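Each remark here refers to the structure printed beneath this line.
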Amino acid sequence: MQKSVMTCMGMGIVIAAVSTIRADEAQLSLRFSEHLIADQYAYAYGIAAADFDQDGDLDLSSADYQPHNRLYLFENDNEGTFRRHIIQQDDPERLERHLVGDVDGDGDLDIVIVKNLRGDLLWFENDGTPTDGELWARHVITTDLPGAYDVALADFDRDGDLDVAASSWVLGNQFAWFENDGSPHEDEWQKHMIEEDALETRTMRAADFDGDGDADLLGTIRQESEVVWYENSLIGGKVSWVKHLIDDKSVCPAHGNPADMDGDGDLDVVMALGFYFRPEDDDPKASHTHEENQIVWYENDSPKVGLWNKHVIAPEFDDAFEAIAADLDGDGDVDVAGTSWRTPGRVAWFENQGDPKGEWTRHILKDNWRSANQVIIADLNGDGRLDIAACAEHGSYEFRWWRNEGRTPQPE
C-alpha cells in the first residue's frame, strides 16, 4: 500500500511517498507505460508539475521557444489526460526552465521562468482562472541576467514572501538572487550578486543543507567542474552567502536536485555528470570518456567541512544531463530518474536496492530519444504512485510521461 503527499513550499513542488510493500510484492517488477503529452515543439525545454487550477490533481507547464514563443499549461482531467492551454505567447528567444510558487501571495500558483539569451527573468501571474483562455499577465523580475538559465524560489531574506535565485549560463557566468519587496508587480526586483565570473552556471535549487531553518542554494559550475552550495546567512537584515564545495573533481556537472538519499534526515544531492560528451574530439568544454559520465549522489555528513562523499549510482551513463530522486517503487527508499542528452538520448530510472551506497539497478524507459533534457517526478494520475515526465528538444521535440503501473509479474 502507498500514500502520496504533495505540498507547495515556495521552493517548488515537493512530492513524498510513504509506503509499505508485502514480501510477495517485492519479487515483482515495477512497470511503466509511456504516454505522449505533446509533440511538434520548436524546442522543448522547461517543465513543471503543480495544481494550477486547484482541483486536486497535478497539471503540467511546458515552455516552447522560437518561432512558437509560447508557455503551455496542460490541464489534468484527474486521470492523467491533458488538455493544452496557451498561457503566454509571442515572447521571443527561449522561454525555458521554470519553477512554480505563489509569487504575489494571493493563494494560487504562479510561474517564474528564465528567458535564455535575452537575459530576462519573468513571472507570469495566475489570476485564479488559469484555464479560461486568457494569457497570464507578464511581469519582469530583471532584464540584467545574460543567458538566464535556471531558477529557484524561496524566502531567502525571511520577510514572508518568495524571492528568486537564478543562474546565467555562459553569457553571464553568475549566480544572483532577486529580492521580492512585497510588491512583485511593480518595476524590476533588486538584484543581489551571489557569485560572478563562474564559468557556465547551470543548476540552481533551494534547500536547507545545514539544517538551520533557512534556504540555502545548490549550484553547478560546469566548465569549472564544481558542484557547490551557498550557505544563507541573515545578518542585520542582510542576506550573505558563503560558498562551500561539494565536488571539484568530477568533469562537467550538469543538473541535479536535493534529496535525502540515505534517510538520515538531512538533504543530500543527486547529480548528473558528463553532459556534453564528445569522445572523439578535444573540446575542452566537453567530457571525453565513458567513465566521466555518471549519475551520482553526494552524501551530506558535515556539509561545511570539505568535499562531500560521492557515491556512483550509474557508471558510464553517457551524456548524463539531469537527475532527480523519489521513492518510485514504494519500498521505502529513494530511487532516481535521469536523462542523457544526445548519445544516444535516454530516460531511465535507477532502483535503490536498499543500500544507496551499494549497487543500483538501471532500467531504461526510453532509448534513442534525441536531446532528452529535463525530468520531473510527480503523481500525475492520482493513483498514489509516482510517475516520471520528461521533455526532449532538437531531434525529438516532445513532452512525454511514464505512468507508474506498479509491480507486475516478470515475464517468463
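All figures in this text were calculated on a predicted structure; none of them were measured in a lab. The figures that follow rest on heavy atoms only: side chains count, while hydrogens, waters and symmetry mates do not.
- Under the side chain to side chain contact (heavy atoms under 4.5 Å, CB included) rule, W169 has a single partner from D150, V114, L117, which is L117.
- For the residue pair D318 / T343, no side-chain donor-acceptor distance below 3.5 Å is found, with atom types taken as modelled.
- In this structure, W136 contributes its side chain and Q88 its backbone to no donor-acceptor pair below 3.5 Å.
- In this structure, the side chain of W360 does not engage the main chain of A314 through any donor-acceptor pair within 3.5 Å.
- Taking each heavy atom of D59 and L73 in turn, the nearest pair found is CB-CD2, 4.4 Å.
- No donor-acceptor distance shorter than 3.5 angstrom exists from the side chain of K249 to the backbone of S225, with no hydrogens or angles considered.
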Apply side chain to side chain contact (heavy atoms under 4.5 Å, CB included) to the pair N180 and V164, showing each step before the final yes or no. CA-CA 8 Å; N180 183 349; V164 175; over 6 Å; no
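- By the neighbour-count criterion of 12 heavy atoms within 6.0 Å, atom NE2 of H290 is sparsely surrounded, having that number or fewer from other residues, nucleotides or ligands.
- With hydrogens and angles left out, the side-chain atoms of Y149 and R97 include no donor and acceptor closer than 3.5 Å.
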Between W369 and V347, does the side chain to side chain contact (heavy atoms under 4.5 Å, CB included) criterion hold? Intermediate values first, please. CA-CA 8 Å; W369 198 38; V347 181; 3.6 Å; yes
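- At least one donor-acceptor pair closer than 3.5 Å links the side chain of T201 to the backbone N or O of Q174.
- Checked against a 6.0 Å centroid threshold, the rings of F82 and H35 do not count as neighbours.
- D383 contributes a side-chain N or O that, together with a main-chain N or O of R385, makes up a donor-acceptor pair within less than 3.5 Å.
- Taking the six-membered ring where the residue is Trp, W349 and H363 present parallel rings, their angle staying beneath 30° rather than reaching 60°.
- Considering every non-hydrogen atom in both L386 and D379, the closest pair reads CD2-N, 3.9 Å.
- The backbone N or O of N69 lies less than 3.5 Å from no partner atom in the side chain of D90, so there is not a single donor-acceptor pair.
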Could you walk me through whether T129 and T131 pass the side chain to side chain contact (heavy atoms under 4.5 Å, CB included) test, one step at a time? CA-CA 6 Å; T129 57; T131 60; over 6 Å; no
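- Annotation: side chain of E75 is in contact with side chain of D53 (closest heavy-atom distance under 4.5 Å).
- Note on E398 versus K366: no salt bridge recorded, every NZ/NE/NH1/NH2 to OD/OE distance being 4.0 Å or above.
- For F275, the ring-ring contact (aromatic ring centres under 6.0 Å, His included) criterion is met by F321, W341, not counting sequence neighbours.
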Working for side chain to side chain contact (heavy atoms under 4.5 Å, CB included), residues D57 and E79: CA-CA 8 Å; D57 57 30; E79 296 181 355; over 6 Å; no
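- Under the 6.0 Å cut-off for aromatic ring centres, H68 and Y65 do not qualify, their centroids lying 6.0 Å or more apart.
- Listed here is the closest heavy atom pair of L109 and F52: O-CD2, 3.8 Å.
- Partner D64 forms a side chain to side chain donor-acceptor pair (under 3.5 Å) with one of Y41, Y43, Y72 and no other, that one being Y72.
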Please walk me through it: do H185 and W123 pass ring-ring contact (aromatic ring centres under 6.0 Å, His included)? CA-CA 9 Å; H185 303 84; W123 73 278; 5.2 Å; yes
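- Between K285 and E200 there is no salt bridge, since no side-chain nitrogen of the basic residue lies less than 4.0 Å from a carboxylate oxygen of the acidic one.
- Checking side-chain atoms of D106 against main-chain N and O of D108 turns up a donor-acceptor pair under 3.5 Å.
- Within the 3.5 Å criterion, the main-chain N or O of N116 finds no donor-acceptor partner in the side chain of D120.
- When side chains are defined from C-beta on, I388 counts as touching V375, because their heavy atoms get closer than 4.5 Å.
- Cation-pi geometry between R346 and F317 is satisfied (NZ or CZ under 6.0 Å from the ring centre, within 45° of the ring normal).
- Sorted by first and then second residue, the side chain to side chain donor-acceptor pair (under 3.5 Å) pairs involving residues 261-271 (not counting sequence neighbours) form an empty list.
- Looking at N373, its side chain does come within 3.5 Å of a backbone N or O of S371 through a donor-acceptor pair.
- Considering all non-hydrogen atoms of both residues, D333 and Q353 come closest at OD2-C, 4.2 Å.
- Checking S396 against R370 by side-chain atom types alone, no donor-acceptor pair falls below 3.5 Å.
- Between D77 and R83 there is no salt bridge, since no side-chain nitrogen of the basic residue lies less than 4.0 Å from a carboxylate oxygen of the acidic one.
- Look at R342 and E393 and you find a salt bridge, because one of the NZ, NE, NH1 or NH2 atoms lies within 4.0 Å of a carboxylate O, short of that distance.
- Nearest approach of P253 to V227, heavy atoms of both residues: CB-CG2, 3.6 Å.
- Judged by distance alone, the side chain of S167 and the main-chain N or O of T203 form no donor-acceptor pair under 3.5 Å.
- For the residue pair I376 and A48, the shortest heavy atom distance occurs at CD1-C, 3.9 Å.
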